[in-house]
Amino acid sequence: RRELFSELMSLKEDDYFEGSRFLEIGPKDGLDSYRLATLKPEEMVFVDLPEKRSSIEVWIDRIICPHKFFEANIMYMSTEDFVALGKFNLVWCTGVLYHNAEQLRFLRKLYNLLNPGGYLVLESATLRDPRHLRSGNFVQIRYPDTYNDTGTITHLPTRGAIKSWLNMVGFKD
């Protein structure tokens, strides 16, 4: 994930994101959150599942910029709560997409959360085998036996599928 941050910084000047709003979905251990906070955002908003609260409480108070934490599944927030999140110049979403069975709908939600010209940083596990399928636009469905018995990884897309979905929801670059 450090490399994603470095790549993002190579696209824009160091102060490009200063004073803007960031959304991080599934902040996990807070390591990305700390890196993002160094960009001096106006506000960082974190959204994660209720069962993740205890692990987030360990680090969230050490974030050095104004921030809010919402305990929710972004896919099933009420329209009112979703709209209340507002718009962002940066949406950071790593390690989340492949836990969601409604991946196209999820990406559309992310697109709708971005200001025009905003950035989405997305990382996802992808289909690993069979090798001949990885170059196409496919989604492997792992149900009822989930990937590595995780219980939540039921849909593993190929890189091509993710790129196609991103284009379908409105992303151009």
Side-chain angles (χ1 to χ4, degrees), residues 1-126 150 152-153 157 162-163 165-167 169-173:
R1 298 183 334 230
R2 194 172 319 139
E3 291 78 18
L4 287 172
F5 184 79
S6 293
E7 186 175 342
L8 178 66
M9 293 299 87
S10 74
L11 298 174
K12 293 293 175 188
E13 290 134 25
D14 288 347
D15 62 350
Y16 178 80
F17 290 105
E18 190 173 323
S20 57
R21 295 184 75 229
F22 298 173
L23 172 65
E24 185 177 4
I25 300 171
K28 299 177 219 43
D29 52 18
L31 295 177
D32 291 334
S33 311
Y34 295 131
R35 279 187 279 276
L36 293 171
T38 66
L39 301 177
K40 301 177 186 164
E42 172 189 322
E43 176 182 50
M44 287 181 67
V45 175
F46 305 102
V47 177
D48 212 335
L49 302 172
E51 59 266 23
K52 306 293 185 178
R53 183 190 241 325
S54 62
S55 62
I56 290 169
E57 286 176 339
V58 170
W59 56 263
I60 197 164
D61 288 335
R62 292 191 303 258
I63 296 297
I64 59 172
C65 64
H67 59 274
K68 294 178 188 168
F69 172 62
F70 292 92
E71 225 176 75
N73 183 329
I74 204 158
M75 289 297 295
Y76 306 113
M77 293 176 88
S78 69
T79 302
E80 181 180 289
D81 289 344
F82 184 80
V83 170
L85 289 173
K87 298 285 188 173
F88 301 90
N89 288 5
L90 176 65
V91 172
W92 188 273
C93 182
T94 63
V96 175
L97 182 66
Y98 53 91
H99 290 285
N100 193 315
E102 300 180 79
Q103 294 168 346
L104 177 63
R105 188 169 155 245
F106 179 73
L107 292 172
R108 180 68 176 164
K109 283 184 166 277
L110 298 184
Y111 181 81
N112 288 331
L113 288 166
L114 279 168
N115 283 320
Y119 281 80
L120 168 65
V121 174
L122 178 74
E123 177 274 334
S124 180
T126 56
T150 58
T152 60
I153 301 175
I162 294 171
K163 282 184 161 190
W165 288 332
L166 288 168
N167 287 152
V169 301
F171 289 101
K172 301 299 176 216
D173 294 333

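Note that this is a predicted model, so its numbers are computed, not measured.
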Taking atom OH of Tyr119 and atom CG of Leu11, what is their separation to the nearest 0.5 Å?
5.5 Å

Between CE of Met9 and CG of Leu4, what distance do you get to the nearest 0.5 Å?
11.5 Å

Nearest non-hydrogen partners of Pro41 and Pro66, listed with the distance:
O-CD, 4.4 Å

Go through the steps to decide whether Glu43 and Phe22 satisfy the test side-chain contact (heavy atoms from CB on, under 4.5 Å), and finish with yes or no.
CA-CA 6 Å; Glu43 176 182 50; Phe22 298 173; over 6 Å; no

Okay, side chain of Glu123, backbone of Gly95: is any donor-acceptor separation there less than 3.5 Å?
yes

Neighbour count above 12 (heavy atom, 6.0 Å) for Lys109 NZ
yes

How close do Asp32 and Trp92 get, counting heavy atoms only, and between which atoms?
OD2-NE1, 3.0 Å

With a cut-off of 6.0 Å (strictly less than), are more than 12 heavy atoms of other residues, nucleotides or ligands near CD of Glu13?
no

Within this structure, what is the CZ-CG distance for the pair Phe88 and Asn112, rounded to the nearest 0.5 Å?
12.5 Å

Euclidean distance, Arg2 CZ relative to Phe5 CZ, rounded to 0.5 Å:
11.5 Å

Tell me whether Lys68 contacts the main-chain N or O of Val47 through its side chain, where contact means a donor paired with an acceptor under 3.5 Å.
no

Which heavy-atom pair separates Trp165 from Leu107 by the least distance, and what is that distance?
CB-CD1, 3.6 Å

Of all the heavy-atom pairs spanning Gly26 and Asp48, show the shortest one and how long it is.
CA-OD2, 3.4 Å

Check whether Arg21 reaches the backbone of Met44 with its side chain - one donor and one acceptor, N or O, closer than 3.5 Å.
no

Within a 6.0 Å radius of atom CD on Glu80, are there more than 12 heavy atoms belonging to other residues, nucleotides or ligands?
no

Given the side-chain rings of Phe70 and Phe46, with only the six-membered ring counted for Trp, is the space between their centroids under 6.0 Å?
no

With no hydrogens and no angle check, is any side-chain donor or acceptor of Asp81 less than 3.5 Å from a backbone partner on Leu85?
no

Taking the side chain from His99 and the backbone from Leu97, do they hold a donor-acceptor pair closer than 3.5 Å?
no

Is there a donor-acceptor contact under 3.5 Å from the side chain of Arg105 to the main chain of Ala101?
no

What is the distance from atom CD1 of Ile60 to atom OG of Ser33, rounded to the nearest 0.5 Å?
7.5 Å

Can you see which heavy atom on Arg1 is nearest to which on Leu31, and at what distance?
NH2-CB, 3.6 Å

Expected output: side-chain Lys28 to main-chain Thr94 donor-acceptor under 3.5 Å
yes

If you look at every heavy atom in Leu113 and Gly86, which pair is closest and at what distance?
CD2-O, 3.6 Å

Roughly how far, to the nearest 0.5 Å, is CG of Leu110 from CG of Leu122?
7.5 Å

Quiz item: cation-pi between Lys12 and Phe17, 6.0 Å / 45°
no

Any donor-acceptor pair under 3.5 Å from Ser124 side chain to Thr126 backbone
no

Do Trp59 and Asp29 pass the side-chain hydrogen bond (donor to acceptor under 3.5 Å, both in side chains) test, and can you show the C-alpha distance, the side-chain angles, and the key distance before you say yes or no?
CA-CA 7 Å; Trp59 56 263; Asp29 52 18; over 6 Å; no

